[in-house]
Amino acid sequence: MDQPASERPVSAASAAEEQLTYDFRTAEPHWQRVWEEHGCFAVPDVPHDGRPKYYVLEMFPYPSGKIHMGHVRNYTLGDVLARYKRARGFTVLHPMGWDAFGLPAENAARERNIHPKQWTFENIAAMRSELKRMGFSIDWRREFATCEPSYYGHQQKLFLDFLRAGFVERRESWVNWDPVDNTVLANEQVIDGRGWRSGAPVERRKLAQWFLRITKFAPELLKALDELVRWPERVRVMQAKWIGYSEGARLRFALTKPEGSISEVEVFTTRPDTLFGMSFLALAPEHPLAALVAARDPNAAAFIAECQRLGTSEAVIETAEKRGYDTGLRVRHPFLPDQTFPVWIANFVLMEYGTGAIFGCPAHDQRDLEFARAYGLPVLPVVLPPGKDASEFVIGTEAYDGPGTMINSGFMNGLDVEAAKRAAIAELERLGIGKKEINWRLRDWGVSRQRYWGCPIPIIHCPQCGVVPVPEKDLPVLLPEDVRFDLPGNPLAHHPSWQDVACPHCGGPAKRETDTLDTFVDSSWYFARFCSPHANTPVDRAAVDFWLPVDQYIGGIEHAILHLLYSRFFTRAMRACGYLKIDEPFTGLFTQGMVTHESYRGADGRWLYPDEVERKPDGSLVHRQTGEPVTAGRVEAMSKSKRNTVDPDAIVARYGADTARWFILADNPPERDMEWTEAGVQGAHRFIQRLFRLAKSIAAQCPPDLAKPQTFSKEALNLRRTTHRTIVAVTQAIEDFGFNIAVARIHELANAIAEAERIRNVDEAAGLNWAKREAIETLTRLAAPMMPHLAEEMHALLCPGAGLLAEKEWPEAEAALAQPVTVTIAVQVMGRLRGTIEVPPGTDRAEVLAAAEAEPNVARQLAGKQIVKRIYVPDRIVNFVVSD
RNA sequence: GCGAGAGUGGCGGAACGGUAGACGCAGCCGACUCAAAAUCGGCCGACGCAAGUCGUGUGGGUUCGAAUCCCUCCUCUCGCACCA
């Protein structure tokens with residue numbers, strides 16, 4: 001079938017046939033246009049072409065305004081895989097969208113008086129065109145932004161379904177409150193316990209909020225980690241620890257005298273075996289008993305207020321100096337009713353975990369020990385480490401949390417730790433004051449945000465009927481656009497009319513919920529929406545059944561826990577509501593490293609952009625304009641504050657997208673942090689030009705219709721072997737995400753072709769032209785996923801009229817040529833390398849050992865010694881163990 | 001503080017428990033050039049004339065053999081639930 005002239009793939013360089021350099025400025029937009037016109041990367045919601053599916057997804061970007069190198073790296077990794085899988089015969093879904101709700105838009109509105117919607121969509125437009133210049137093989141027809149009602153309206157539907165299914169709950173919880181700005185602060189807006197704008201000390205405040213009951217799925221979320229074999233081990237470990245299954249005991253401590261209505265304190269512990277080592281009981285500052293004490297004791301109230309100024313961040317609370325307040329109350333020991341212990345309020349006890357109260361056993365818990373030392377509380381060891389003597393075992397500055405034998409522990413004496421745990425629980429149950437309990441560290445997911453730029457929670461509060469879901473016919477609940485950002489707090493809450501609504505039940509006046517959803521909700525199901533982005537339900541069942549799960553998900557390690565866990569929960573909740581049939585959203589996960597850059601400071605100590613710095617031939621750094629000396633700082637993650645950023649758009653303008661992509665892939669393994677360097681980019685660019693020259697030269701010498709020769713010279717055969725070995729190696733490297741290895745092998749093939757290019761001797765030239773063409777065409781296909789524009793250009797040069805490379809299949813290696821002809825065997829004497837021998841692969845042991853012993857240097861080392869043992873690892877190594 | 005990772009030439013890195021340093025960057029030497037750039041070729045862990053010795057953050061261990069497995073310590077990175 002002939003194509004219309006305007007669509008026929010044509011080398012962009014054909015107009016200037018004589019040019020020797022690759023003109024990426026013409027070629028890259030040209031091929032991007034051709035791919036677009038051919039719909040190379042578009043797939044239907046429900047394909048019926050019989051090909052296997054492959055869903056490649058990179059974490060979608062927040063539209064901050066410009067793409068950064070982290071994005072380029074992320075989407076390049078995904079694009080290599082998407083293009084590779086397409087060539088391997090898969091029908092590939094590779095979409096792109098925008099995680100478009102969130103705080104920065106609201107901050108921009110307050111600072112620059114621009115509406116969040118306008119700010120967001122302008123950013124999206126800018127970033128979309130930047131991404132398109134990178135040449136990613138994305139089905140852009142599927143693009144959406146989470147801030148569009150056509151996305152968040154469906155999310156509201158899911159929320160209502162979850163509510164009906166019992167996955168949503170309303171309860172009170174603590175937030176960071178800025179008493180000057182009268183607003184809720186995110187943890188990152190609390191700096192050293194103060195509001196980032198007002199500078200006022202923050203307070204913890206209790207608000208009624210919506211929660212998603214992720215804890216319902218805790219056992220399943222933990223267990224299913226075992227099946228995620230294509231996830232990095234460390235992510236699975238981190239999630240498992242985060243979910244935090246623990247077995248222990250819940251028990252009640254009786255107060256010696258009741259405080260108001262409270263006469264006992266409940267405690268969860270994983271160490272009931274250490275109860276005899278108890279030294280104190282500690283309450284979280286938010287504990288109800290602490291509040292009762294504070295009501296009559298101003299010092300307690302002051303201490304609690306002090307603790308609450310730390311904000312809600314666990315990291316801050318746990319790193320703060322351990323402090324406490326002795327309430328004067330005492331509790332009885334559960335096993336020794338005559339003994340009583342003080343009740344403290346402690347800043348490191350978390351209300352969210354367990355019961356918000358702990359018993360302290362300083363000898364066997366480091367935190368308790370530090371607390372006990374600070375306040376002079378007794379430290380009694382009850383677990384004796386193996387091999388220690390009870391009379392000499394003392395606790396210094398280190399608590400002992402290992403195994404051992406119980407001492408000082410009444411009826412548990414002599415038991416090991418595990419047996420003692422069982423014995424303690426049995427005794428608590430016998431006394432009727434406690435029981436065995438399984439506890440999870442995972443907490444329910446608080447999704448209420450007191451902010452404007454998010455998905456409105458579809459709930460109505462009626463003074464008569466209480467909490468009433470918005471009827472589905474009234475969805476979506478749209479965000480009003482006429483909001484003010486010059487007042488503190490949530491703009492939705494002081495909108496003059498938006499909240500006012502008739503109660504769907506009684507018809508009486510009611511108010512809309514003014515909280516919006518956490519933006520993590522938006523990103524917890526977008527991968528499902530991409531399967532059918534225009535469906536008038538959250539997902540189209542046939543589309544998600546076809547495409548999901550995502551076969552390969554790629555993003556930063558910083559999302560190892562929260563985003564990935566929330567998505568895993570959402571998938572299960574959607575399954576329960578009949579939207580999906582799968583349990584796990586992402587069967588493969590790859591976590592990339594950061595992009596870093598050297599940082600620079602000028603003479604005045606201010607941070608400088610890399611563009612402002614010039615490197616002199618002697619290696620010293622000076623300011624490009626002023627000539628003042630510049631000092632190089634650490635190599636660290638690119639950030640605006642350190643100004644160590646490189647703008648992808650500027651790189652694409654100067655070197656082209658393929659150069660940026662190639663450098664990113666070549667520099668180092670993708671899971672590790674990479675350092676962006678100008679020298680590295682230039683090296684990548686030189687290689688691209690070199691490949692172009694090779695292709696140009698071979699296209700001129702070796703016609704495309706060359707018949708396959710009967711015989712090949714040794715040199716030609718060597719080149720063919722390299723070609724076919726490279727196919728195997730590059731294929732394996734891509735499958736393993738070893739893109740830097742794939743790049744190295746492609747370099748080797750290019751070197752081999754260049755070497756063949758230098759052959760002028762006629763005897764050596766038999767079949768060489770054919771072999772050279774085979775090699776460069778193969779190289780073109782192997783490099784295509786990584787540098788798609790140049791590859792397309794080379795393909796057009798080498799195989800004019802043969803259609804688009806983007807639609808061509810992956811090369812197949814001929815097994816006979818990919819096998820090595822000889823192997824090098826290392827010969828060691830006593831584990832030290834003394835020589836090497838060359839043998840055909842599979843040579844038998846006796847023959848190899850004889851050759852090894854005969855190797856001159858080895859023979860010299862063996863002279864006068866007895867060979868005690870001969871070790872032979874086939875095709876690899878010989879080791880002689882000798883004695884004098 | 002708690003949890004999880006990482007560390008190999010001047011630099012990025014390669015290496016099923018089996019020749020440490022593939023490939024690239026930088027550097028040095030040479031070819032081409034009036035010259036420079038570009039390009040092409042060669043050299044390139046340290047010490048040593050050599051044989052060889054040392055060498056994968058530190059210190060130990062397992063093994064015929066350890067960058068790789070185990071333990072100790074150091075440094076850096078990520079996460080800690082309202083940044084995304």
Side-chain angles (χ1 to χ4, degrees), chain A residues 20-21 59 61-62 64 99 101-104 175-176 184-190 232-235 237-239 241-242 244 311-322 348 352 366-367 370 441-451 518-520 523 556-563 565-566 591 593-594 596 619 634 636-637 663 666-669 671-675 677 679-680 682-684 686-687 689-690 693 738 740-741 743-748 751 754 758 824-836 857 860 868-871 873 876-882:
Chain A
L20 289 172
T21 58
M59 291 177 184
Y62 179 79
S64 55
D99 188 15
F101 275 137
L103 270 180
V175 294
N176 300 310
V184 176
L185 298 174
N187 281 338
E188 71 155 12
Q189 295 172 323
V190 179
E233 176 69 15
R234 63 166 165 154
V235 174
V237 171
M238 279 193 271
Q239 289 214 355
K241 301 259 179 183
W242 183 265
T312 60
S313 160
E314 195 173 312
V316 170
I317 292 167
E318 296 251 349
T319 44
E321 187 198 348
K322 291 180 187 27
F348 61 89
E352 290 86 359
Q366 190 61 31
R367 265 191 327 197
E370 285 167 30
R441 209 185 76 95
L442 182 68
R443 310 200 293 255
D444 277 331
W445 175 13
V447 292
S448 286
R449 298 291 180 272
Q450 296 70 40
R451 316 207 186 283
D518 179 7
T519 56
F520 270 126
S523 55
I557 187 70
E558 68 272 20
H559 294 294
I561 294 174
L562 291 181
H563 161 60
L565 197 57
Y566 291 153
T591 54
M594 292 183 303
T596 66
R634 279 161 35 107
E636 53 191 316
F663 172 48
D667 191 54
N668 68 351
E671 69 274 14
R672 251 189 257 181
D673 290 354
M674 77 166 284
E675 186 187 351
T677 60
Q682 286 172 359
R686 277 199 302 271
F687 184 66
Q689 294 294 352
R690 182 171 174 228
R693 284 193 302 273
N740 56 323
I741 304 301
V743 164
R745 298 290 94 86
I746 287 172
H747 267 282
E748 283 168 351
N751 290 344
R758 289 196 292 276
T824 307
I825 291 180
V827 184
Q828 298 181 337
V829 178
M830 295 301 279
R832 287 178 177 277
L833 181 71
R834 298 302 178 184
T836 61
N857 203 37
R860 193 154 47 80
V868 190
K869 196 172 172 187
R870 295 173 172 84
I871 292 153
V873 180
R876 288 222 162 244
I877 201 165
V878 170
N879 189 12
F880 294 110
V881 183
V882 299

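Here is the naming used below: chain letters follow the sequence lines, and residue numbers restart at 1 for every chain. Here the structure is a predicted model, which means the values were calculated and not measured.
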Side-chain atoms of K241(A) come closest, of G3(B), A14(B), A22(B), to G3(B)

Remember a base hit wins even if backbone is also touched, and classify V184(A) as base, sugar-phosphate or nothing at under 4.0 Å, heavy atoms. base

Taken in chain and number order and not counting sequence neighbours, the residues that satisfy salt bridge (charged side-chain N to carboxylate O under 4.0 Å, His left out) with E352(A) are none

- Could you tell me whether the phosphate oxygens of G13(B), OP1 or OP2, come under 4.0 Å of any side-chain nitrogen or oxygen in N668(A)? yes

From CZ of R441(A) across to C1' of G3(B) the rounded distance in Å is 7 Å

Q) Under 4.0 angstrom, heavy atoms only, what part of the nucleic acid is T677(A) near: base, sugar-phosphate, or nothing? A) nothing

If you look at every strand shown and take non-hydrogen atoms under 4.0 Å, does G680(A) touch a base, only sugar-phosphate, or nothing?
-> nothing

- Indicate, with a heavy-atom threshold strictly under 4.0 Å, whether P61(A) touches base, sugar-phosphate, or nothing. nothing

Task: Integer angstrom distance from the C1' of A15(B) to that of U68(B) - done: 9 Å

(Q) Using a heavy-atom cut-off of 4.0 Å across all strands, would you classify E748(A) as base, sugar-phosphate, or nothing? (A) sugar-phosphate

With rounding to whole Å, what would you report as the distance between A46(B) and A20(B) at their C1' atoms? 14 Å

Between E748(A) and R745(A), does at least one N-O distance fall below 4.0 Å, as a salt bridge requires?
yes

Side chains of Q828(A) and V878(A): does their closest heavy-atom pair fall under 4.5 Å?
no

*Please examine the side chains of F880(A) and V868(A), heavy atoms only from C-beta on, and report whether any two atoms are closer than 4.5 Å.*
no

- Message: Taking 4.0 Å as the cut-off, does a side-chain nitrogen or oxygen of T519(A) come that near to OP1 or OP2 on A84(B)?
- Response: yes

When rounded to whole Å, the NE2 to P distance for the pair H563(A) and A81(B) reads 18 Å

H747(A) NE2 to G12(B) P, in whole Å, measures 18 Å

>> Does U19(B) have OP1 or OP2 under 4.0 Å away from a side-chain N or O of R834(A)?
In response: no

| query | Using a distance-only test with no angle check, is there a side-chain donor-acceptor pair under 3.5 angstrom linking R690(A) and N751(A)? | reply | yes

Among the nucleotides A84(B), U77(B), C82(B), whichever has the atom closest to the side chain of P104(A) is A84(B)

Salt bridge or not between R443(A) and E314(A)? Use side-chain N to carboxylate O under 4.0 Å. yes

Any side-chain donor-acceptor pair under 3.5 Å between N740(A) and D667(A)? no

Looking only at A14(B), C25(B), A84(B), the nucleotide nearest the I741(A) side chain is A14(B)

Among U19(B), A81(B), C83(B), the one nearest any side-chain atom of A826(A) is U19(B)

On a heavy-atom basis, the closest approach of L833(A) and A826(A) is CD1-CB, 3.7 Å

Looking only at atom C1', what distance separates C54(B) and G1(B), rounded to whole Å?
42 Å

| query | Could a donor-acceptor pair under 3.5 angstrom be found where the side chain of Q450(A) meets the base of C82(B)? | reply | yes

In whole angstroms, the gap separating P of A4(B) from CD1 of I557(A) amounts to 13 Å

With a 4.0 Å cut-off on heavy atoms, is R443(A) in touch with a base, just the backbone sugar-phosphate, or nothing at all? base

Taken to the nearest whole Å, CG/N751(A) to C1'/U39(B) is 14 Å

Residue pair A754(A)/E370(A) against RNA chain B: nearer the 5' end by closest nucleotide is E370(A)

To the nearest angstrom, the CD-C1' distance between E318(A) and A81(B) comes to 13 Å

To the nearest angstrom, the CG-P distance between L442(A) and G3(B) comes to 18 Å

Worksheet item: For atom C1', what is the distance between U33(B) and G45(B), given to the nearest Å?
Response: 35 Å

Of the listed G13(B), G52(B), C78(B), the closest approach to the N857(A) side chain comes from G52(B)

C44(B) and U39(B), which share atom name P, separated by this distance in whole Å = 22 Å

ring-ring contact (aromatic ring centres under 6.0 Å, His included) filter on Y566(A), not counting sequence neighbours, yields W445(A), F520(A)

>> Any donor-acceptor pair under 3.5 Å linking the side-chain atoms of T312(A) with those of N176(A)?
In response: yes

_With a 4.0 Å cutoff (strictly under), does any side-chain N or O of R672(A) reach OP1 or OP2 of G5(B)?_
no

Please determine whether any donor N or O and acceptor N or O are separated by less than 3.5 Å between the side chain of N187(A) and the base of C82(B). no

Between CZ of R686(A) and C1' of C25(B) the distance, given in whole Å, is 8 Å

So NZ of K869(A) and CE of M830(A): to nearest 0.5 Å the spacing works out to 11.0 Å

Is there a side chain to side chain contact (heavy atoms under 4.5 Å, CB included) between V235(A) and I557(A) once you walk through the steps?
CA-CA 8 Å; V235(A) 174; I557(A) 187 70; 3.8 Å; yes

Given the 90°-from-0 boundary between syn and anti, G61(B) should be labelled anti

Winner on side-chain proximity to D667(A), out of C82(B), A4(B), G12(B), is G12(B)

request  = Considering only atom P, compute the distance from C70(B) to U77(B) and round it to an integer number of Å.
outcome  = 25 Å

With heavy atoms under 4.0 Å as the rule, sort V175(A) into base, sugar-phosphate or nothing. base

For this session: Look at all strands and tell whether T319(A) reaches a base, only sugar-phosphate, or nothing, counting heavy atoms closer than 4.0 Å.
Result: base

* Which part of the nucleic acid, if any, lies within contact of I871(A), taking any heavy atom under 4.0 Å across all strands shown: a base, the sugar-phosphate backbone alone, or nothing? -> base

Q. Looking for any heavy atom pair under 4.0 Å, which part of the strands does G835(A) touch: base, sugar-phosphate only, or nothing?
A. nothing

- Query: Base, sugar-phosphate, or nothing: which does F880(A) touch, judged by heavy atoms less than 4.0 Å apart?
  - Reply: nothing

Dot-bracket assigned to RNA chain B with the 3.5 Å Watson-Crick/G-U criterion, [ ] for crossing and | for other-strand pairs, is (((((((..(((.....[....))).(((((.......))))).(((....)))..(.(((..]....))).))))))))....

Could you tell me whether S313(A) contacts a base, only the sugar-phosphate backbone, or nothing, with contacts defined as non-hydrogen atoms closer than 4.0 Å?
sugar-phosphate

When R758(A) and V235(A) are each assigned the nearest nucleotide of RNA chain B, the 5'-most assignment goes to V235(A)

So what does V237(A) hit on the nucleic acid, given a heavy-atom distance under 4.0 Å: a base, only sugar-phosphate, or nothing? sugar-phosphate

Exercise for the section: Can you tell me, in whole Å, how much space there is between the P of A67(B) and that of U58(B)? Expected result: 12 Å

Exercise for review: Taking atom C1' in both U63(B) and C29(B), compute the distance separating them and give it to the nearest angstrom.
Suggested key: 44 Å

message = At 4.0 Å (heavy atoms only), tell me whether A560(A) reaches a base, stays on the sugar-phosphate, or touches nothing.
response = nothing

Quick note, L833(A) side chain, CB onward, closest among A20(B), C16(B), A81(B) is A20(B)

Report yes or no: is there a donor-acceptor pair, N or O only, under 3.5 Å between the side chain of R451(A) and the base of C82(B)?
yes

